[in-house]
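All remarks here apply to the structure that follows.
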Amino acid sequence: MTEKPILVGDFNLREIEELKVLARRRKALVLAHYYCPPAVQEVANFVGDSLGLSQTAAASPVEVIIFAGVHFMAETASILCPEKKVVLVNPEAGCPMADMITYKGLAARKMELPGAAVLTYVNSPAAVKTLSDMCCTSANVVPVLKSIPAKTVLMTPDQNLAAFAQKLVPEKKIISWDGFCPTHHRLSQRILNGLKVKYPEALVAAHPECRPEVLATADFIGSTSAIIKYTKGETTREFIILTEQGIGHCLRLDRPDAVFHFPEGMICPNMKKNTLADLRRALETLSPEVRVSAEIRRAALAPIEKMLRIT
Ligand code: 13P
Ligand code: SF4
């Protein structure tokens with residue numbers, strides 16, 4: 001177990017300032033997910049969860065967005081704002097959960113489930129979104145699910161988010177895809193119990209991508225931004241955080257008086273591919289750009305926009 005934040009890359013203040021100046025010169029908006037290395041979060045104009053990042057991308061008047069996150073996040077931004085240039089800081093940063101579902105696979109499953117609506121987590125490829133009635137993130141899954149008229153809903157691709165939603169919305173019959181996030185799914189009840197014994201005073205906050213048996217004993221379950229809000233609102237000074245360690249940067253800035261314990265290995269290797277060197281290159285070259293074909297974009301936009309209207 002470790003309670004130390006993992007700092008990836010140099011936390012070099014001069015370099016951070018230089019990159020901020022470069023971003024201003026390029027008139028670019030730098031967006032970063034909470035799981036990115038702390039130094040990259042420091043350069044960003046906005047750090048958020050996947051919902052907040054999409055909303056910020058859509059609302060901003062800028063022409064260039066530099067995205068520090070994973071591919072599906074930049075793709076979603078590009079679908080929402082095709083007139084903007086969306087650059088992914090590291091083109092190798094994908095999401096293994098998003099890769100656990102394909103257009104062909106979902107098309108075949110839909111044939112077996114006539115009458116079921118399809119609710120797709122944003123952690124998915126754009127082509128899969130085109131076959132979906134609505135999209136959701138972990139921040140809005142409950143209101144989005146409740147807004148769907150069909151009783152039977154196929155939730156893709158995360159089985160753990162589906163199980164979490166089923167508990168909160170029992171009136172729906174949820175059938176789930178069998179995808180998962182390797183970073184969150186590896187966490188077991190045994191590991192959590194060990195942390196609870198070690199830190200008996202700590203409150204436990206978990207991301208819904210964790211297994212149901214892990215979520216069962218958490219004090220709070222929510223998206224990354226919801227976890228940050230939760231720890232800010234509590235007076236307790238000790239927390240066990242069951243999500244990616246990058247979030248620790250914001251948690252510690254907001255609650256310098258508190259201690260945050262993370263299970264060992266809660267690291268998304270893809271988010272950590274967003275280094276300061278990559279960010280510099282992206283700002284200098286304004287590439288690689290993430291683009292979606294007009295046909296896919298049109299069809300993927302509808303379920304994303306429906307989600308944003310509910311939120
Ligand atoms: P959030 O929507 O909470 O930011 O989560 C995104 C993600 O990829 C979690 O693994
Ligand atoms: Fe994908 Fe998991 Fe990484 Fe989130 S933490 S980007 S779901 S692999």
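Throughout, numbering of the chain's residues begins at 1 and tracks the sequence. For the numbers below, each heavy atom of this structure counts, side chains included, while hydrogens, waters and symmetry mates do not. Counting convention: from 1, in listed order, for ligands and their atoms alike.
Counted by atom type alone, Ser223 and His207 present zero donor-acceptor pairs between their side chains at under 3.5 Å. A donor-acceptor contact closer than 3.5 angstrom is absent between the side chains of Thr183 and Tyr35.
Among protein heavy atoms, atom 10 (O) of ligand 1 sits closest to Glu209 OE1, 2.7 Å. Scanning the protein for heavy atoms near atom 8 (S) of ligand 2, the closest one is Pro96 CD, 3.4 Å. Of all protein heavy atoms, the one lying nearest to atom 2 (O) of ligand 1 is Ser50 OG, 2.5 Å. The nearest heavy-atom contact from the protein to atom 4 (O) of ligand 1 is His33 NE2, 2.6 Å. Remark: minimum distance from atom 1 (Fe) of ligand 2 to any protein heavy atom is reached at Cys95 SG, 2.4 Å. Atom 3 (Fe) of ligand 2 has as its closest protein heavy atom Cys268 SG, 2.4 Å. Scanning all protein heavy atoms for the shortest distance to atom 5 (O) of ligand 1 gives His207 NE2, 3.3 Å.
By the 4.0 Å heavy-atom criterion, Leu51 is excluded from the residues contacting ligand 1. Residue contacts with ligand 1 do not include Met97, since none of its heavy atoms lies under 4.0 Å from the ligand. Residue contact annotation: Ser138 has a non-hydrogen atom under 4.0 Å from ligand 1. Within the structure, ligand 1 has Tyr35 among the residues with a heavy atom less than 4.0 angstrom away.
For ligand 2 and Asn123, the ligand atoms under 4.0 Å from any heavy atom of the residue are 7 (S). Near Asn123, the atoms of ligand 1 lying under 4.0 angstrom from a non-hydrogen atom of the residue are 7 (C), 8 (O). For ligand 1, the atoms closer than 4.0 angstrom to any heavy atom of Ser223 are 3 (O). Applying the 4.0 Å criterion to heavy atoms of Thr224 picks out, from ligand 1, the atoms 1 (P), 3 (O), 4 (O). Each of the atoms 1 (P), 4 (O) of ligand 1 lies under 4.0 Å from some heavy atom of Asp49.
Residue Glu63 places its CD atom among 12 or fewer non-hydrogen atoms of other residues, nucleotides or ligands, all under 6.0 Å distant. Sparse packing is recorded around NZ of Lys173, with 12 or fewer heavy atoms of other residues, nucleotides or ligands lying under 6.0 Å away. A 6.0 Å sphere centred on NZ of Lys196 holds more than 12 heavy atoms belonging to other residues, nucleotides or ligands.
A side-chain donor-acceptor contact under 3.5 Å links Trp177 to the backbone of Met100. At least one donor-acceptor pair under 3.5 Å links the side chain of Arg211 to the backbone N or O of His185. Counting only distance, with no hydrogens or angles, the side chain of Lys272 and the backbone of Ile267 share no donor-acceptor pair below 3.5 Å. A donor-acceptor distance shorter than 3.5 angstrom exists from the side chain of Lys172 to the backbone of Ala150, with no hydrogens or angles considered.
Between Tyr230 and Phe239, the ring planes are perpendicular. Angles over 60° get that label, and only those under 30° would be called parallel.
In Glu244, neither the side chain nor the backbone holds a heavy atom less than 4.0 Å from any atom of ligand 1. When heavy-atom distances to ligand 2 are checked against a 4.0 Å cut-off, Glu209 comes that close only through its side chain, counted from C-beta outward.
Looking at every heavy atom in both residues, Ala74 comes nearest to Val290 through CB-CG2, 3.9 Å. Scanning all heavy atoms of the two residues, the minimum distance from Pro208 to Gly222 falls at CD-O, 3.3 Å.
Taking backbone and side chain together, Cys181 holds no N, O or S atom under 2.8 Å from atom 3 (Fe) of ligand 2.
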